[in-house]
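Please read the structure below before turning to the comments.
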Amino acid sequence: MPDQGSVVVVGGTAGIGKEVARHFADRGREVVLSSRDAGRAKAVAAELGGRATGIGLDLARPEEIAGQLAGVGRVDHLVLAAIERDENAVADYDIPRATRLVTLKLVGYTETVHALLPRLHEDSSIVLFGGLARDMPYKTSTTVTTVNYGVTGLMHTLAVELAPIRVNAVHPGVVGDSPYWVDRPGPVRERWRERTPTGRLATMADVAGAVVFLLENRSVNAVDLRVDGGILLLL
Ligand SMILES: NC(=O)c1ccc[n+]([C@@H]2O[C@H](COP(=O)([O-])OP(=O)(O)OC[C@H]3O[C@@H](n4cnc5c(N)ncnc54)[C@H](OP(=O)(O)O)[C@@H]3O)[C@@H](O)[C@H]2O)c1
(Lines give C-alpha, C1' and ligand atoms only; values in the text may rest on other atoms or scores of the structure.)
Protein backbone atom coordinates (compact mmCIF):
# COMPACT_ATOMS: atom_id res chain seq x y z
CA MET A 1 0.00 0.00 0.00
CA PRO A 2 2.10 2.94 -1.24
CA ASP A 3 0.06 5.63 0.56
CA GLN A 4 0.40 4.02 3.93
CA GLY A 5 2.59 5.74 6.49
CA SER A 6 4.75 4.13 9.12
CA VAL A 7 4.22 2.87 12.64
CA VAL A 8 6.75 4.55 14.94
CA VAL A 9 7.51 2.73 18.20
CA VAL A 10 9.68 4.70 20.62
CA GLY A 11 11.20 2.12 22.94
CA GLY A 12 10.80 -0.70 20.44
CA THR A 13 13.86 -2.79 21.23
CA ALA A 14 12.53 -4.62 24.29
CA GLY A 15 9.46 -5.65 26.19
CA ILE A 16 6.00 -4.51 25.16
CA GLY A 17 7.23 -1.93 22.63
CA LYS A 18 9.09 -4.67 20.78
CA GLU A 19 5.91 -6.80 20.74
CA VAL A 20 3.96 -3.90 19.23
CA ALA A 21 6.70 -3.41 16.62
CA ARG A 22 6.66 -7.15 15.88
CA HIS A 23 2.89 -7.12 15.40
CA PHE A 24 3.07 -4.47 12.69
CA ALA A 25 6.28 -5.79 11.07
CA ASP A 26 4.63 -9.23 10.76
CA ARG A 27 1.79 -7.57 8.86
CA GLY A 28 4.10 -5.96 6.34
CA ARG A 29 3.81 -2.45 7.76
CA GLU A 30 6.68 0.01 7.66
CA VAL A 31 7.89 0.13 11.28
CA VAL A 32 10.39 2.62 12.70
CA LEU A 33 11.54 1.47 16.12
CA SER A 34 13.88 3.32 18.43
CA SER A 35 16.48 2.67 21.09
CA ARG A 36 18.95 4.92 22.90
CA ASP A 37 21.49 3.00 20.84
CA ALA A 38 21.05 3.19 17.05
CA GLY A 39 22.98 -0.06 16.57
CA ARG A 40 20.66 -1.94 18.92
CA ALA A 41 17.61 -0.48 17.17
CA LYS A 42 18.91 -1.60 13.77
CA ALA A 43 19.71 -5.08 15.10
CA VAL A 44 16.21 -5.50 16.55
CA ALA A 45 14.68 -4.18 13.33
CA ALA A 46 16.68 -6.77 11.37
CA GLU A 47 15.49 -9.47 13.80
CA LEU A 48 11.85 -8.46 13.28
CA GLY A 49 12.33 -8.35 9.52
CA GLY A 50 9.76 -7.13 7.04
CA ARG A 51 9.91 -3.35 6.60
CA ALA A 52 11.23 -2.55 10.08
CA THR A 53 14.06 -0.04 10.51
CA GLY A 54 15.80 1.23 13.62
CA ILE A 55 16.89 4.68 14.80
CA GLY A 56 18.71 6.08 17.84
CA LEU A 57 16.69 8.41 20.08
CA ASP A 58 17.08 9.35 23.76
CA LEU A 59 13.88 10.73 25.29
CA ALA A 60 15.84 12.07 28.25
CA ARG A 61 17.63 14.47 25.84
CA PRO A 62 14.58 16.20 24.36
CA GLU A 63 16.53 18.91 22.53
CA GLU A 64 17.98 16.22 20.26
CA ILE A 65 14.75 14.38 19.46
CA ALA A 66 13.69 16.40 16.41
CA GLY A 67 17.01 15.82 14.70
CA GLN A 68 16.89 12.11 15.46
CA LEU A 69 13.45 11.86 13.85
CA ALA A 70 14.42 13.87 10.77
CA GLY A 71 14.48 10.82 8.49
CA VAL A 72 10.99 9.61 9.42
CA GLY A 73 8.30 10.15 6.77
CA ARG A 74 4.49 10.10 6.97
CA VAL A 75 3.31 8.49 10.26
CA ASP A 76 0.03 6.60 10.73
CA HIS A 77 0.59 5.38 14.28
CA LEU A 78 2.91 6.60 17.04
CA VAL A 79 3.54 4.48 20.14
CA LEU A 80 5.49 5.95 23.05
CA ALA A 81 6.47 2.93 25.14
CA ALA A 82 9.94 3.79 26.46
CA ILE A 83 10.80 3.76 30.15
CA GLU A 84 13.83 3.99 32.42
CA ARG A 85 12.70 2.77 35.80
CA ASP A 86 13.01 4.90 38.91
CA GLU A 87 12.60 3.60 42.46
CA ASN A 88 12.31 6.86 44.36
CA ALA A 89 10.78 7.70 47.75
CA VAL A 90 10.26 11.17 49.18
CA ALA A 91 12.18 10.13 52.31
CA ASP A 92 15.24 9.35 50.19
CA TYR A 93 14.66 11.59 47.20
CA ASP A 94 17.10 11.27 44.30
CA ILE A 95 16.65 14.43 42.20
CA PRO A 96 18.69 13.38 39.13
CA ARG A 97 16.77 10.10 38.81
CA ALA A 98 13.42 11.79 39.30
CA THR A 99 14.31 14.51 36.81
CA ARG A 100 15.37 11.91 34.26
CA LEU A 101 12.08 10.01 34.42
CA VAL A 102 9.95 13.15 34.37
CA THR A 103 11.93 14.43 31.40
CA LEU A 104 11.78 11.10 29.57
CA LYS A 105 8.05 10.43 29.87
CA LEU A 106 6.54 13.90 30.01
CA VAL A 107 8.87 16.22 28.08
CA GLY A 108 10.36 13.48 25.85
CA TYR A 109 6.97 11.99 24.91
CA THR A 110 5.60 15.49 24.18
CA GLU A 111 8.61 16.59 22.14
CA THR A 112 8.38 13.41 20.06
CA VAL A 113 4.78 14.28 19.17
CA HIS A 114 5.80 17.88 18.48
CA ALA A 115 8.65 16.82 16.19
CA LEU A 116 6.48 14.36 14.25
CA LEU A 117 3.38 16.58 14.05
CA PRO A 118 3.95 17.73 10.44
CA ARG A 119 4.15 14.06 9.43
CA LEU A 120 0.93 13.00 11.21
CA HIS A 121 -2.39 13.29 9.35
CA GLU A 122 -6.04 13.43 10.35
CA ASP A 123 -6.36 9.63 10.58
CA SER A 124 -3.18 9.20 12.61
CA SER A 125 -3.30 7.90 16.16
CA ILE A 126 -1.05 7.99 19.18
CA VAL A 127 -0.73 5.71 22.23
CA LEU A 128 1.14 6.81 25.35
CA PHE A 129 2.27 4.34 28.02
CA GLY A 130 1.52 4.91 31.70
CA GLY A 131 1.10 2.08 34.18
CA LEU A 132 -0.67 0.58 37.18
CA ALA A 133 1.44 2.64 39.63
CA ARG A 134 -0.82 5.55 38.67
CA ASP A 135 -3.68 4.01 40.67
CA MET A 136 -1.72 1.65 42.92
CA PRO A 137 1.20 3.54 44.48
CA TYR A 138 3.94 1.74 46.40
CA LYS A 139 6.57 3.17 48.72
CA THR A 140 9.16 3.98 46.05
CA SER A 141 6.76 4.95 43.27
CA THR A 142 6.66 8.68 43.98
CA THR A 143 8.01 9.70 40.59
CA VAL A 144 6.43 6.82 38.66
CA THR A 145 2.96 7.44 40.12
CA THR A 146 3.24 11.17 39.48
CA VAL A 147 4.46 10.66 35.94
CA ASN A 148 1.76 8.11 35.15
CA TYR A 149 -0.91 10.61 36.19
CA GLY A 150 0.97 13.09 34.00
CA VAL A 151 0.60 10.68 31.09
CA THR A 152 -3.19 10.83 31.56
CA GLY A 153 -3.07 14.63 31.58
CA LEU A 154 -0.82 14.68 28.52
CA MET A 155 -3.16 12.30 26.70
CA HIS A 156 -6.13 14.57 27.47
CA THR A 157 -4.48 17.76 26.29
CA LEU A 158 -3.07 16.14 23.15
CA ALA A 159 -6.50 14.68 22.26
CA VAL A 160 -7.96 18.19 22.45
CA GLU A 161 -5.14 20.07 20.75
CA LEU A 162 -4.43 17.58 17.96
CA ALA A 163 -8.03 16.60 17.11
CA PRO A 164 -9.03 14.83 14.89
CA ILE A 165 -5.83 12.87 15.57
CA ARG A 166 -6.76 10.31 18.24
CA VAL A 167 -4.70 10.00 21.41
CA ASN A 168 -5.10 7.25 24.00
CA ALA A 169 -3.11 5.90 26.94
CA VAL A 170 -2.51 2.33 28.06
CA HIS A 171 -1.76 1.41 31.67
CA PRO A 172 -0.36 -2.12 31.99
CA GLY A 173 -0.49 -3.95 35.29
CA VAL A 174 2.12 -6.54 36.22
CA VAL A 175 3.15 -7.93 32.84
CA GLY A 176 4.39 -11.35 33.89
CA ASP A 177 6.43 -12.24 30.79
CA SER A 178 8.00 -8.79 30.33
CA PRO A 179 11.77 -8.50 30.89
CA TYR A 180 11.14 -6.43 34.04
CA TRP A 181 9.05 -9.15 35.72
CA VAL A 182 10.06 -12.44 34.16
CA ASP A 183 13.08 -13.03 36.42
CA ARG A 184 11.43 -11.86 39.65
CA PRO A 185 11.17 -14.55 42.33
CA GLY A 186 8.20 -16.89 41.92
CA PRO A 187 6.58 -15.92 45.27
CA VAL A 188 6.54 -12.23 44.30
CA ARG A 189 4.85 -12.95 41.00
CA GLU A 190 2.50 -15.42 42.70
CA ARG A 191 1.33 -12.77 45.19
CA TRP A 192 0.36 -10.51 42.30
CA ARG A 193 -1.33 -13.34 40.43
CA GLU A 194 -3.42 -14.27 43.49
CA ARG A 195 -4.65 -10.68 43.78
CA THR A 196 -5.73 -10.57 40.14
CA PRO A 197 -9.39 -11.48 39.44
CA THR A 198 -8.47 -13.24 36.19
CA GLY A 199 -6.09 -15.55 38.09
CA ARG A 200 -3.27 -14.75 35.68
CA LEU A 201 -0.83 -11.94 35.10
CA ALA A 202 -1.15 -9.84 31.97
CA THR A 203 1.17 -10.78 29.12
CA MET A 204 3.06 -8.64 26.63
CA ALA A 205 0.74 -10.00 23.94
CA ASP A 206 -2.29 -8.83 25.96
CA VAL A 207 -0.89 -5.30 26.21
CA ALA A 208 0.26 -5.23 22.57
CA GLY A 209 -3.26 -6.30 21.55
CA ALA A 210 -4.73 -3.42 23.57
CA VAL A 211 -2.33 -0.98 21.91
CA VAL A 212 -3.32 -2.20 18.43
CA PHE A 213 -7.00 -1.74 19.37
CA LEU A 214 -6.38 1.81 20.61
CA LEU A 215 -4.40 2.66 17.49
CA GLU A 216 -6.80 1.20 14.96
CA ASN A 217 -10.34 1.71 16.29
CA ARG A 218 -11.34 5.03 14.75
CA SER A 219 -13.88 5.93 17.45
CA VAL A 220 -11.72 5.20 20.47
CA ASN A 221 -10.24 8.48 21.64
CA ALA A 222 -9.02 10.01 24.92
CA VAL A 223 -9.25 6.66 26.70
CA ASP A 224 -7.13 5.53 29.65
CA LEU A 225 -7.12 1.77 29.22
CA ARG A 226 -5.94 -0.40 32.09
CA VAL A 227 -4.69 -3.86 31.10
CA ASP A 228 -4.26 -5.47 34.49
CA GLY A 229 -6.80 -8.28 34.85
CA GLY A 230 -9.00 -6.04 37.00
CA ILE A 231 -6.61 -6.04 39.95
CA LEU A 232 -7.96 -2.81 41.46
CA LEU A 233 -11.28 -4.55 42.23
CA LEU A 234 -9.74 -6.89 44.77
CA LEU A 235 -7.64 -4.43 46.75
N1 LIG B 1 6.48 -4.38 32.22
C2 LIG B 1 5.48 -4.06 33.03
O3 LIG B 1 5.03 -4.89 33.84
C4 LIG B 1 4.89 -2.68 32.98
C5 LIG B 1 3.97 -2.33 34.00
C6 LIG B 1 3.43 -1.04 33.98
C7 LIG B 1 3.77 -0.14 32.98
N8 LIG B 1 4.66 -0.52 32.02
C9 LIG B 1 4.99 0.45 30.98
O10 LIG B 1 5.01 -0.18 29.72
C11 LIG B 1 6.02 0.40 28.90
C12 LIG B 1 6.92 -0.71 28.38
O13 LIG B 1 7.49 -1.35 29.51
P14 LIG B 1 8.46 -2.61 29.33
O15 LIG B 1 8.59 -3.22 30.68
O16 LIG B 1 7.98 -3.43 28.21
O17 LIG B 1 9.81 -1.84 28.95
P18 LIG B 1 11.32 -2.41 28.84
O19 LIG B 1 11.32 -3.87 28.55
O20 LIG B 1 12.09 -1.92 30.03
O21 LIG B 1 11.84 -1.64 27.54
C22 LIG B 1 12.04 -0.26 27.62
C23 LIG B 1 12.29 0.31 26.24
O24 LIG B 1 12.53 1.72 26.40
C25 LIG B 1 13.74 2.08 25.71
N26 LIG B 1 14.37 3.18 26.43
C27 LIG B 1 14.90 3.16 27.67
N28 LIG B 1 15.37 4.38 28.01
C29 LIG B 1 15.10 5.19 26.95
C30 LIG B 1 15.33 6.57 26.70
N31 LIG B 1 15.93 7.37 27.60
N32 LIG B 1 14.92 7.08 25.52
C33 LIG B 1 14.33 6.30 24.60
N34 LIG B 1 14.09 4.99 24.77
C35 LIG B 1 14.47 4.44 25.94
C36 LIG B 1 14.55 0.78 25.73
O37 LIG B 1 15.45 0.77 24.64
P38 LIG B 1 17.05 0.72 24.79
O39 LIG B 1 17.38 0.06 26.11
O40 LIG B 1 17.44 -0.10 23.61
O41 LIG B 1 17.46 2.15 24.72
C42 LIG B 1 13.47 -0.27 25.52
O43 LIG B 1 13.17 -0.41 24.16
C44 LIG B 1 6.77 1.42 29.77
O45 LIG B 1 6.34 2.72 29.46
C46 LIG B 1 6.39 1.04 31.19
O47 LIG B 1 6.35 2.17 32.04
C48 LIG B 1 5.22 -1.76 32.00
Side-chain angles (χ1 to χ4, degrees), residues 7-12 14-24 27 29 31 33 59 75-83 85 101 104-106 108-110 112-113 120 123-138 141 144-181 192-193 195-235:
V7 181
V8 175
V9 184
V10 175
I16 303 161
K18 184 176 177 184
E19 290 313 303
V20 173
R22 188 194 310 279
H23 170 91
F24 287 105
R27 282 153 186 80
R29 293 295 300 264
V31 173
L33 65 89
L59 288 174
V75 176
D76 290 346
H77 303 306
L78 170 62
V79 179
L80 289 150
I83 180 76
R85 289 189 164 79
L101 181 57
L104 187 158
K105 274 229 175 178
L106 299 185
Y109 277 21
T110 310
T112 304
V113 175
L120 300 173
D123 280 329
S124 293
S125 58
I126 300 170
V127 168
L128 314 175
F129 268 75
L132 180 63
R134 187 191 68 158
D135 299 304
M136 195 190 278
Y138 47 93
S141 76
V144 177
T145 296
T146 306
V147 163
N148 286 348
Y149 265 110
V151 165
T152 294
L154 177 59
M155 178 271 284
H156 285 164
T157 188
L158 290 176
V160 169
E161 185 185 340
L162 305 187
I165 293 170
R166 293 180 301 102
V167 188
N168 294 290
V170 66
H171 298 274
V174 172
V175 182
D177 62 347
S178 66
Y180 183 65
W181 280 97
W192 282 102
R193 192 194 64 73
R195 292 162 72 179
T196 306
T198 52
R200 58 186 285 278
L201 298 177
T203 64
M204 294 196 289
D206 294 336
V207 182
V211 170
V212 172
F213 161 71
L214 293 172
L215 289 173
E216 293 187 342
N217 189 302
R218 296 184 65 199
S219 290
V220 175
N221 190 28
V223 165
D224 263 321
L225 183 58
R226 291 193 287 110
V227 184
D228 58 13
I231 195 167
L232 293 178
L233 290 176
L234 294 191
L235 286 181

Check your understanding: Okay, side chain of Arg226, backbone of Gly173: is any donor-acceptor separation there less than 3.5 Å?
Key -> no
Checklist entry - Is a side-chain N or O of Asn168 found less than 3.5 angstrom from the main chain of Val223, in a donor-acceptor match? => result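 Confirmed, Asn168 side chain pairs with Val223 backbone.
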What pair of heavy atoms forms the shortest contact from [X] to [Y], and how long is it?
| X | Y | result |
| --- | --- | --- |
| Ser125 | Leu215 | OG-O, 2.8 Å |
| Leu132 | Val174 | CD2-N, 4.4 Å |
| Arg200 | Thr196 | O-CG2, 3.4 Å |
| Ala81 | Gly11 | CB-O, 4.1 Å |
| Ala169 | Val151 | CB-CG1, 4.2 Å |
| Arg29 | Asp76 | NH2-OD2, 2.8 Å |

Considering only heavy atoms from C-beta outward, does the side chain of [X] approach that of [Y] to under 4.5 Å?
| X | Y | value |
| --- | --- | --- |
| Val170 | Val227 | yes |
| Leu158 | Leu128 | yes |
| Lys105 | Leu59 | no |
| Val113 | Leu80 | yes |
| Phe213 | Leu225 | yes |
| Val144 | Tyr149 | no |
| Val7 | Leu33 | no |

Inset, instruction - For Asp123 and Arg218, run side chain to side chain contact (heavy atoms under 4.5 Å, CB included): C-alpha distance rounded to whole Å, both residues' side-chain angles, the deciding distance at 0.1 Å, then the answer. - result: CA-CA 8 Å; Asp123 280 329; Arg218 296 184 65 199; 2.8 Å; yes
Inter-residue atom distance [X].[atom1] - [Y].[atom2], 0.5 Å rounding:
| X | Y | atom1 | atom2 | result |
| --- | --- | --- | --- | --- |
| Ile126 | Leu214 | CD1 | CG | 12.5 Å |
| Asn221 | Met155 | CG | CE | 8.5 Å |
| Arg195 | Leu233 | CZ | CG | 13.0 Å |
| Lys18 | Ile16 | NZ | CD1 | 13.5 Å |
| His77 | Leu120 | NE2 | CG | 11.0 Å |

*Does atom CD of Glu216 have more than 12 heavy-atom neighbours, drawn from other residues, nucleotides or ligands, at distances under 6.0 Å?*
yes
- Query: Of Thr203, Asp206, Val207, which is the lone residue that meets side chain to side chain contact (heavy atoms under 4.5 Å, CB included) with Pro172?
  - Reply: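 Of Thr203, Asp206, Val207, side chain to side chain contact (heavy atoms under 4.5 Å, CB included) with Pro172 is met by Val207 alone.
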inquiry  = Can you see whether Asn148 engages Thr145 through a side-chain donor-acceptor pair at a distance of less than 3.5 angstrom?
reply    = no
Pairing donors with acceptors under 3.5 angstrom, does anything connect the side chains of Asp224 and His171? yes
Item to complete: Show your working on side chain to side chain contact (heavy atoms under 4.5 Å, CB included) between Leu101 and Ile83 and close with a plain yes or no.
Response: CA-CA 8 Å; Leu101 181 57; Ile83 180 76; 3.7 Å; yes
*Show your working on side chain to side chain contact (heavy atoms under 4.5 Å, CB included) between Val10 and Tyr109 and close with a plain yes or no.*
CA-CA 9 Å; Val10 175; Tyr109 277 21; 5.8 Å; no
